Amino acid sequence: MNKKLIAVFLILGVTVFIARYVYIRSYGIHLSAARFIEKAGDRDGAGSMYSLRYDGVREGRAYLYSWDMGQAPESMTYWTEIDALPVHIRNQMLSKTGRWKMASQKNRLEEQEK
């Protein structure tokens with residue numbers, strides 16, 4: 001009986017871990033507006049093992065995309081409601097200016113050629 005109980009708990013634990021992993025990969029992690037802004041400050045520290053980029057505004061949410069080689073899952077999306085952000089940050093995001101300007105890959109390649 002003890003072996004069966006251990007097996008059930010082990011299977012349940014693995015199932016919960018996999019479900020959480022799939023949920024996070026699919027929907028990302030919700031952050032408060034203050035934590036989102038704090039997390040966005042980390043984008044200045046990108047390196048070969050870690051990167052964080054602002055990923056735009058969609059459907060009333062602002063997104064950050066993170067890639068970390070030492071984390072499981074390696075890539076992660078963070079989001080917050082755009083309406084919860086301070087007005088000046090929200091306006092910059094919506095107008096794609098300031099720290100929230102998104103350079104396209106094409107623009108970066110054109111700048112490198114000059």
Side-chain angles (χ1 to χ4, degrees):
M1 182 67 179
N2 286 339
K3 288 183 181 181
K4 287 183 181 179
L5 190 58
I6 290 171
V8 168
F9 280 118
L10 183 62
I11 291 170
L12 183 62
V14 169
T15 303
V16 168
F17 177 80
I18 290 171
R20 182 178 182 276
Y21 178 88
V22 168
Y23 179 84
I24 288 172
R25 293 279 293 160
S26 299
Y27 300 105
I29 296 177
H30 176 257
L31 300 176
S32 68
R35 181 68 183 111
F36 184 88
I37 294 167
E38 180 183 328
K39 184 84 174 160
D42 294 344
R43 356 184 233 160
D44 297 330
S48 61
M49 303 286 283
Y50 170 82
S51 72
L52 180 69
R53 75 170 187 253
Y54 170 61
D55 213 21
V57 174
R58 293 181 305 281
E59 300 173 6
R61 296 178 176 176
Y63 290 89
L64 294 172
Y65 175 80
S66 171
W67 179 85
D68 189 339
M69 215 166 159
Q71 179 181 342
E74 287 183 356
S75 61
M76 185 91 53
T77 301
Y78 299 95
W79 62 272
T80 195
E81 295 85 0
I82 189 80
D83 292 336
L85 294 164
V87 174
H88 70 283
I89 292 177
R90 182 179 339 140
N91 290 341
Q92 286 181 351
M93 285 180 172
L94 294 172
S95 63
K96 300 177 183 172
T97 59
R99 283 184 46 84
W100 307 102
K101 182 177 182 180
M102 294 176 54
S104 70
Q105 184 67 23
K106 181 180 175 185
N107 291 344
R108 279 183 252 150
L109 292 174
E110 288 174 0
E111 289 177 8
Q112 290 174 356
E113 291 176 358
K114 292 181 182 179

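Bear in mind the structure is a predicted one, so any value in this text is a computation, not a measurement.
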J.: Look at the rings of Y54 and W100 and say which category their plane angle falls in: under 30° parallel, 30 to 60° tilted, over 60° perpendicular.
T.: perpendicular

J.: Can you name the residues that form a side-chain hydrogen bond (donor to acceptor under 3.5 Å, both in side chains) with T15, not counting sequence neighbours?
T.: none

J.: Quick check: does any side chain N or O of S66 sit under 3.5 Å from a backbone N or O of M76, one acting as donor and the other as acceptor?
T.: no

J.: Taking only residues two or more places apart in sequence, or in another chain, which ones meet V8 in a side chain to side chain contact (heavy atoms under 4.5 Å, CB included)?
T.: none

J.: Quick one: closest heavy-atom pair of I37 and P86, and the distance?
T.: CD1-CD, 3.7 Å

J.: Looking at S32 and T80, what are the two nearest heavy atoms and their distance?
T.: C-OG1, 3.6 Å

J.: Please check: side-chain N/O of R53 versus main-chain N/O of Y65, any donor-acceptor pairing under 3.5 Å?
T.: no

J.: Do the side chains of I29 and V57 join up, straight or via other hydrophobic residues, at under 4.5 Å, putting them in one cluster?
T.: yes

J.: With rounding to the nearest 0.5 angstrom, report the CG to CG distance, L64 to L31.
T.: 7.5 Å

J.: If you measure from OG1 on T77 to CG on D55, what distance do you get to the nearest 0.5 Å?
T.: 7.0 Å

J.: Identify, with sequence neighbours excluded, every residue that meets salt bridge (Lys or Arg N to Asp or Glu O under 4.0 Å) alongside E38.
T.: R35

J.: If you compare all heavy atoms of A33 against all heavy atoms of L85, which two are closest, and at what distance to 0.1 Å?
T.: CB-CD2, 3.8 Å

J.: Please round to the nearest 0.5 Å and tell me the distance separating atom NZ of K96 and atom CG of N91.
T.: 14.5 Å

J.: Can you tell me how far apart NE2 (H88) and CE (M93) are? Round to the nearest 0.5 Å.
T.: 10.0 Å

J.: Return the NE2 to CZ distance between H30 and F36, rounded to the nearest 0.5 Å.
T.: 10.0 Å

